[in-house]
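Atoms within a ligand are numbered from 1 in the order they appear, just like the ligands themselves.
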Amino acid sequence: MKASPKDTIDKSASDCKYIFVVGGVISGVGKGVASSSIARILEDRGQKVTAIKIDPYINIDAGTMNPTEHGEVFVLDDSDETDQDMGNYERFLNTDLTRINYMTTGRVYQTVIEKERNLEYGGKCVEVVPHIPLEVIRRIEVARDNAKANVVIVEIGGTVGEYQNMLFLEAARMMKIKHPKDVFFVMVSYLPIPSKVGEMKTKPTQYAVRTLNASGISPDIIIARSKQALDDRRKEKLSMFCNVNVERIISAPDVDSIYDIPVSFEKEGLGNLICDLMDIKCPPPGSIGSKKWAAFVKLTHSAKTEVKIAVIGKYFNTGDFTLSDSYLSVIEAVKYSAYTQGLKPVLSWLSSVDFEKNPKLLKELSFYDGIIIPGGFGTRGVEGKIKAIQYAREHNIPYFGLCYGMQLLVIEYARNVLGLKDANTKEVNPSAKNIIIDIMEDQKENIATKRLGGSMRLGAYPAILKKGSVAAKAYSAEAISERHRHRYEVNNSYVEALQKAGLVFSGMSPDGKLCEIAELPASKHPFFLGTQFHPEFKARPLSPHPLFTAFIKACKKKK
Ligand code: GLN
């Protein structure tokens, strides 16, 4: 029989420090990057850090949200569909995280309700408080143990004062009561400079801190985000009215690159401050891993020659604003490979729908050194993407297709080289005669029964590479493992014909049944390759992705 869930917090269990990162004033000012940067500087000072993201919405995962609503869906090795901040943690910590590092309100309630249905609460009345916060705490503890971490950073999504993150703040407060010397709070706040006033304003942050106080929590540190650095006057004001010592107010002005932030946090004294606060012995910065990081940051500043990449997609617009968040990992992956090639990446966002409305625009693609078509779903913009791929193939422009970008590469080839004019994916035209991209066998039932959440082919799967191929050369390996997120696949009945027509399937699942990479040989095209998986999820600043690097090298040659 399973043990009952605890209804108290195990006091002895803490050899660990917990840093809760909360947001004040507005969202989107870099709480995730601040959390990742704190994680980075502590790792560089010899600590074993893990990071947890809490998203307060009901969705069980980020997989059911439109990217324009919530940004990129970041997929983990273990198949979890998570928030883009998990990508930041993995990139900054250079590590693989698992589903226990990500929680949502929906996920927490789901577990509690399942346990209740299994009679695991032993006849007790199961209540929102304390059982929901206790489940939050249990998850934090499991993540800590799995990572064998001595520092856990927990980022609570949204901003304080929002009804939906109250139970998470309550969990943090409960942990603080049990472990007063081990639990700390960092508030990442924003100080606006209204253009008509011309002065940096502290009042919104003061209110945010008071709201946090109402949850029984006081911040230990305030990271004050703003357009420019805070002056002493602002720091003193914040200190006085937020009850935080002046040296614990960290100025965090806008920077060119998020990778500068760990460096600038150290300069502001945040590393020493946190180590003192946690009362742990931290070697000084620079003594462990920060040299590698510093070398990478240097590259981001020294690269001057531009490499121009067109990213063709459709998840760009929210109201009147353009958003590139939907493809965050793609952008980052391009950056790492470009910087290590001594190039400065310049990305342009092109809407594929525009190519449909005005095919003359395709000509503009020749101004770019390379083209990427990232993942996508549905019908809108697909024809424009296929036209762009054809243009890239016929004009020798390096092309890199990710997931949908690979499927459409195969369709383009089938249409324009094999001559199957109505070639299509079942996702777009189920009645096409030539279904080149078909629904995966085990996905049919999911779709028929509308089991759509968390049911795609997700997470890490292995693939075997064809010797001598562009892919095998890029990876310098015969076998790889990459992360997936799709329901459709290349229809094997067309593989032979496509191969005869020159397309190479250079990556296959180990059983040989599923096409993972399609490419043209180096003798036929500078770079024309698509992956059924999402290589971008495994690109890291300290280990750029080999396929992105091969693509960027081809772009460099085209220049
Ligand atoms: N829509 C395609 C599929 O489901 C591709 C998905 C993607 O690009 N992530 O197979």
**Q** Quick one: look up the protein heavy atom nearest atom 7 (C) of ligand 1 and list residue, atom name and how far away it is.
**A** C403 SG, 3.0 Å

**Q** Give a yes or no on whether the backbone of T82 and the side-chain of D61 come within a donor-acceptor separation of less than 3.5 Å.
**A** no

**Q** Among protein heavy atoms, which sits nearest to atom 4 (O) of ligand 1, and what does the distance come to when rounded to 0.1 Å?
**A** R487 N, 3.0 Å

**Q** When you check the gap from the basic side-chain N to the acidic O, do K426 and D438 get nearer than 4.0 Å?
**A** yes

**Q** Looking at ligand 1, is there an atom of it that comes within less than 4.0 Å of some heavy atom belonging to E489?
**A** no

**Q** Any idea how F92 and W293 line up, ring-wise: parallel (<30°), tilted (30 to 60°), or perpendicular (>60°)?
**A** tilted

**Q** Any idea which part of H534 is under 4.0 Å from ligand 1, heavy-atom wise: side chain, backbone, both or neither?
**A** side chain

**Q** To the nearest 0.5 Å, what is the distance between NE2 on H525 and CG on N396?
**A** 5.0 Å

**Q** Ignoring hydrogens and geometry beyond distance, is a side-chain donor-acceptor pair present between E519 and S506 at under 3.5 Å?
**A** yes

**Q** Could you check atom 5 (C) of ligand 1 against the protein and tell me its nearest heavy-atom contact, residue, atom and distance included?
**A** G376 O, 3.3 Å

**Q** Look at K387 together with E383 and state whether they make a salt bridge at an N to O cut-off of under 4.0 Å.
**A** no

**Q** Taking the minimum heavy-atom distance to atom 9 (N) of ligand 1, which of M440, K426, R485 ranks first?
**A** R485

**Q** Geometry only, no angles: is E427 polar-contacting ligand 1 at N/O separations under 3.5 Å?
**A** yes

**Q** Pairs of nitrogen or oxygen atoms closer than 3.5 Å, one from G375 and one from ligand 1: do any exist?
**A** no

